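Quick notes on the structure that follows.
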Amino acid sequence: LRPAAPARKLDVVRGPLVHVLATLLLAANLPAPSGAATLAPAERRAVSAIDGALSGALELLERLVNQNSGTLDTAGVAAVARMLAPELESLGFRSEWRDGRTWGRAGHLLAFRRGARARHALLLIGHLDTVFELDSPFQRLERLPDGRWRGPGVCDMKGGDVEMLLVVRALRAASVLERFDVRIVLNGDEERTGRPTALARADLLAAAAGCELAIGFEDGAGDPAQAVVARRGAQGWRLRTAGHAAHSSQIFREGVGAGAVYEAARILEAFRDTLASEPHLTCNAGLVLGGSRASLEGDGARGSAAGKTNVVPESTVVTGDLRALTDEQFERARATMTRIVSRHLPGTDAAIEFEEAFPPLAPGPGHDELLTRFDAASRALGLGPVAATNPDDAGAADISFVGGIVPRALDGVGLAGSGGHSAHETGDPAVLGTNAKRVAVMLIRYDGGAEAR
Ligand SMILES: [Zn+2]
């Protein structure tokens, strides 16, 4: 579902024009655009603070995008952290760099600011890395003729990191920053989580402890009229089957059996037959090798196999992934798959192993409540309604690690864009600040709007 009008209205006004208009409106002290009439004075100050900071924010975004920070480019990830740390310090945060050597990645940037009258602990989540490593040809920001920006990380998620800074600035302008204990976690390995995960996500979990709210600034489904309150988790699996080597003329006979390849085929067909119709659940077979011998190589994304048409195959290996919306759905799917694997055709054997799971952001009433507040803030700003992204359309993200700890979580409120994880990654600089305004007004109201007015 794509609620049309407000988002499109924003799309029409692109590029520098919108900033010129915003500046003119401010300079002339004219009333703010439609919808703003429903805003309280503190909320209007927040909006003005964001508008006033936009040109600096765009400049920062351009610098961030032009600094490579592919997850494995540890120097690049650290360089992005060094660009963001002073921005956070200037907003009164104490920042810390956590070296990531023990989990095989660059590290994380953490920042903390406990307000003098802190009543609500708030976790803001971003990441420093992108999927574009140093050997990628996609390295620089490019301005497209329609005003949009194309570049590595422009919306996934350097644009979101910049939105996060705008939110803090707006809360300060609205004089409500002191009411929050703000904890910021900018992971350096969101796109390829370091191992072991327990170490790589220890800082995120520690920051989340005791938080009332968590907000992730990922780009979500790329539609500014949507936000994310549920994400599926993902888990890799590896299936191996075995058969008895024999002349093909004896296959299916007693003592020979069906061979490893038929056993793998039976299992995969049963996976499809049993799991394909369950909502939110997917089970993909990504790589199959089979024959007289079959083996995976390197990182498991390739391998080799050899076999002859007239020999019953001895060995098959299959890799795939499983996606589910809740831990309970994962458990049920794993049990079903294990049961299917254990049946065996005559003369064969099979076993399945599951890798460490990337957890889901399971749906919850607190997450829905936060979306309702976000939607109300958006309407009050004249920016139209915001609906939940279908979890089947949202990839995995770091907020999922804290979904079970923090009662209210909302994600996908970064800079909306398209083409993420490809050289077509594009974001619209004209809507930078839009989600920051929504989040800021939501947080001002969360703290008991009447007081803030
Ligand atoms: Zn991301």
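Just so it is clear, the model here is predicted, and its values are computed rather than measured. All ligand and atom numbering here is 1-based and tracks the order in the structure. Nothing fancy with the numbering, it's 1 onward along the sequence.
Comment: R201 engages D189 in a salt bridge, judged by a side-chain N to carboxylate O separation of less than 4.0 angstrom. Salt bridge status for R445 with E43: present, with a side-chain N to carboxylate O gap under 4.0 Å. A salt bridge links E96 with R94: the distance from a Lys NZ or Arg NE/NH1/NH2 to an Asp or Glu carboxylate oxygen falls below 4.0 Å.
Note: angle at the Zn ion (ligand 1), from NE2 of H127 to OD1 of D156, is 100° (rounded to 10 degrees).
Metal site remark for the Zn ion (ligand 1): E190 contributes no N, O or S atom at a distance under 2.8 Å.
Among heteroatoms of the N, O or S kind in E218, OE1 lies nearest the Zn ion (ligand 1).
Side chains of E218 and V228 form no contact here, defined as non-hydrogen atoms less than 4.5 Å apart.
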